Asker: 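One structure, as structure tokens, below. Some questions next.
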Amino acid sequence: MNTITLTINGREVTRANDARTHLADFLRDLEGLTGTHLGCEQGACGACTVLLNDVPIRACITLAASCEGKTVQTIEGLENDPSMVALRDAFSSEHGLQCGYCTPGMLMTARDIVLRCPQADDAAVRSELSGNLCRCTGYVGIVRAIRSVLNARLT
Amino acid sequence: MKPAPFAYERAQDVGEALALISSADGEARALAGGQSLMPMLNLRLAQPDLLVDIRPIELLNQITYSDLSCRVGACITTAQIEDGIVDGVTGRYLAAVAGGIAYRGIRNQGTIGGSIAHADPSADWPVALLALATSVAVAGPAAPRVVPLVDFYRSAFVSSLAEDELLTELVLPVLSERAQWGYYKVAPKLGEFAEAIGVAVQDTETNHCGVAIGATDSVPLRILALEQPWRDDPVRFPALVSLTDIRAAITGLGIAIDAYKLQCLCIAVKRAMVAATNP
């Protein structure tokens, strides 16, 4: 067992856990933050994307123990983030979700795109989204939603 | 799928990391970004008894420069490289390669040292650095050694690192402003591993020339038979060289690849060479 201390959505958390517990299970099972989803547990689908020290990472291939002293933000913690608010509205308007399973990870990556790649066109958005898989939508509405937020910020 | 049980320790310096690794009788693995190791653990393709987290080690997170070379710490992430953490022309080449690797979430954690040590045949960093005449700094129970990357790989996922050794730095040449490069991946699915990689780098000022192929299903390889004619005619050779000649050069390496892979590699090399002379 390891005891770790980290900051989750602004709150300091100290907890003992099995060394092999990955960050996604730590968040979901131990902290009750179930907005972070598990799709593949191989780092390929992106449903588990969270922010670690402000950058998006895959929680299923990150050990909770390795996050000692770091800051984690989940989809729950970004509820009032201005970029996230704009993206949620856009996902709703552009039909960027159906079952919603990929959506937290999509929003995490979409926020990174909007902040880091302000000039992204459709091809660049699709390239940046290549690590987030959706089985429902065919991605068209997701790309439109992200582009609408990018376009609004360019004007 | 959850990993089999293991212990986790953090090392603060190279000596501590080596001691921890040695303590586990070959059942310890070094953990850097974890972007290759953690999926293997989750699938139980690997079941080490101990993970030694080497990310806190200062040496592995530094970049030092001299006139001729640049030493990049093994734990520098692909995203840091993409964002320009390595100075100069060498840094620009590395950044161009970095931006095409997987997706940002992986790049934010995956390290250049981890990629080189893991020796995945389809990975980008091994072939990208092979074309640059890179060396690998290795620490272990014996004296530290520096191995040319061209001598580093044995086969798919197998390097010359011993179980109790640690890759600490990549030693890269400093490229001049006259350096030209092309890096071409045949990767029909965005974000996926390449089916073929061609790399061409020439610096007429430092007298370096490297043409290499990756995603060969085994180790990345330099193609010396293409490097000499390119040295002799830096400007025109890429446009003039035929796919037939490239195919003969690759076939001459004696590796076992099917006709489709061979065709993809020929195209990748040709397009990389043309891109080098037509930036």
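Because the structure is predicted, anything quoted here is derived from the model rather than measured. The basis for the numbers below is simple: all heavy atoms, side chains too, and nothing from hydrogens, waters or symmetry mates. Numbered from 1 within each chain, the chains take letters A, B, ... in sequence-line order.
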Asker: Report, as yes or no, whether the 6.0 Å neighbourhood of atom CZ on B:Arg29 holds more than 12 heavy atoms from other residues, nucleotides or ligands.
Answerer: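 At most 12 heavy atoms, drawn from other residues, nucleotides or ligands, come within 6.0 Å of this atom.
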
Asker: Tell me whether the count of non-hydrogen atoms from other residues, nucleotides or ligands lying under 6.0 Å of CG in A:Asp54 goes above 12.
Answerer: no

Asker: Decide yes or no on side chain to side chain contact (heavy atoms under 4.5 Å, CB included) for A:Arg58 and B:Met38, but give the supporting numbers first.
Answerer: CA-CA 11 Å; A:Arg58 274 123 216 271; B:Met38 285 300 303; over 6 Å; no

Asker: When rounded to the nearest 0.5 angstrom, what distance separates CD in A:Glu68 from CG in B:Asp53?
Answerer: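 A:Glu68 CD to B:Asp53 CG: 11.0 Å, rounded to 0.5 Å.
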
Asker: Counting heavy-atom pairs closer than 4.5 Å to chain B, which one of A:Arg116, A:Met1, A:Met108, A:His22 comes out on top?
Answerer: A:Arg116

Asker: Output the distance between atom CD1 (A:Ile61) and atom CG (B:Leu37), rounded to the nearest 0.5 Å.
Answerer: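 Atom-to-atom, A:Ile61:CD1 and B:Leu37:CG are 10.0 Å apart.
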
Asker: Find the distance between OG (A:Ser127) and OH (B:Tyr103) and round it off to the nearest 0.5 Å.
Answerer: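 OH of B:Tyr103 is found 11.5 Å from OG of A:Ser127.
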
Asker: Considering non-hydrogen atoms only, spot the tightest contact between A:Ser66 and B:Tyr8 and give its length.
Answerer: CA-OH, 3.1 Å

Asker: At a heavy-atom separation under 4.5 Å, does B:Ala4 approach chain A through its side chain, its backbone, both, or neither?
Answerer: backbone

Asker: If you tally heavy-atom pairs under 4.5 Å against chain B, which of A:Gly43, A:Ala19, A:Gly46 wins?
Answerer: A:Ala19

Asker: Against chain A, label B:Gln35 side chain, backbone, both or neither, depending on which of its atoms sit under 4.5 Å from a heavy atom there.
Answerer: both

Asker: Tell me if a side-chain donor or acceptor on A:Glu41 pairs with a main-chain N or O of B:Met1 at a distance below 3.5 Å.
Answerer: yes

Asker: Where does A:Asn132 contact chain B at under 4.5 Å (heavy atoms): side chain, backbone, both or neither?
Answerer: neither

Asker: Calculate, to the nearest 0.5 Å, the distance between atoms CD1 and CZ belonging to A:Ile113 and B:Arg104 respectively.
Answerer: 11.5 Å

Asker: Based on non-hydrogen pairs under 4.5 Å, which of A:Asn2, A:Leu129, A:Thr49 is most in contact with chain B?
Answerer: A:Asn2

Asker: Among A:Asp25, A:Asp112, A:Leu38, which residue forms the greatest number of heavy-atom pairs with chain B at distances under 4.5 Å?
Answerer: A:Asp25

Asker: Locate the shortest heavy-atom distance separating B:Ala102 from A:Ser130; write the atom from each residue and the value.
Answerer: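 Nearest heavy atoms, B:Ala102 then A:Ser130: O-OG, 4.3 Å.
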
Asker: Are more than 12 heavy atoms from other residues, nucleotides or ligands located less than 6.0 Å from atom CZ of A:Arg135?
Answerer: no

Asker: Considering residues, nucleotides and ligands other than B:Gln62, do more than 12 of their heavy atoms fall under 6.0 Å from its CD?
Answerer: yes

Asker: Between A:Asp18 and B:Phe6, does the side chain to side chain contact (heavy atoms under 4.5 Å, CB included) criterion hold? Intermediate values first, please.
Answerer: CA-CA 9 Å; A:Asp18 212 350; B:Phe6 54 79; over 6 Å; no

Asker: Kindly say whether A:Val55 contributes a backbone atom to a donor-acceptor pair with the side chain of B:Asn108 at under 3.5 angstrom?
Answerer: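 Side chain of B:Asn108 to backbone of A:Val55, a donor-acceptor pair under 3.5 Å: no, none is there.
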
Asker: Working note: B:Leu51 + A:Arg20, criterion side chain to side chain contact (heavy atoms under 4.5 Å, CB included); need CA distance, chi angles, decisive distance, verdict.
Answerer: CA-CA 10 Å; B:Leu51 289 195; A:Arg20 61 176 164 155; over 6 Å; no

Asker: Might you confirm whether atom CD of A:Glu79 has over 12 heavy atoms from other residues, nucleotides or ligands at distances under 6.0 Å?
Answerer: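 No, not enclosed.
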
Asker: Please say whether more than 12 non-hydrogen atoms of neighbouring residues, nucleotides or ligands are located less than 6.0 Å from CG in B:Asp25.
Answerer: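 Atom CG in B:Asp25 is not packed in, count stays at 12 or less.
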
Asker: What's the verdict on side chain to side chain contact (heavy atoms under 4.5 Å, CB included) for A:Gln42 and B:Leu43, showing C-alpha distance, side-chain angles and the deciding distance?
Answerer: CA-CA 8 Å; A:Gln42 295 175 51; B:Leu43 290 167; 3.9 Å; yes

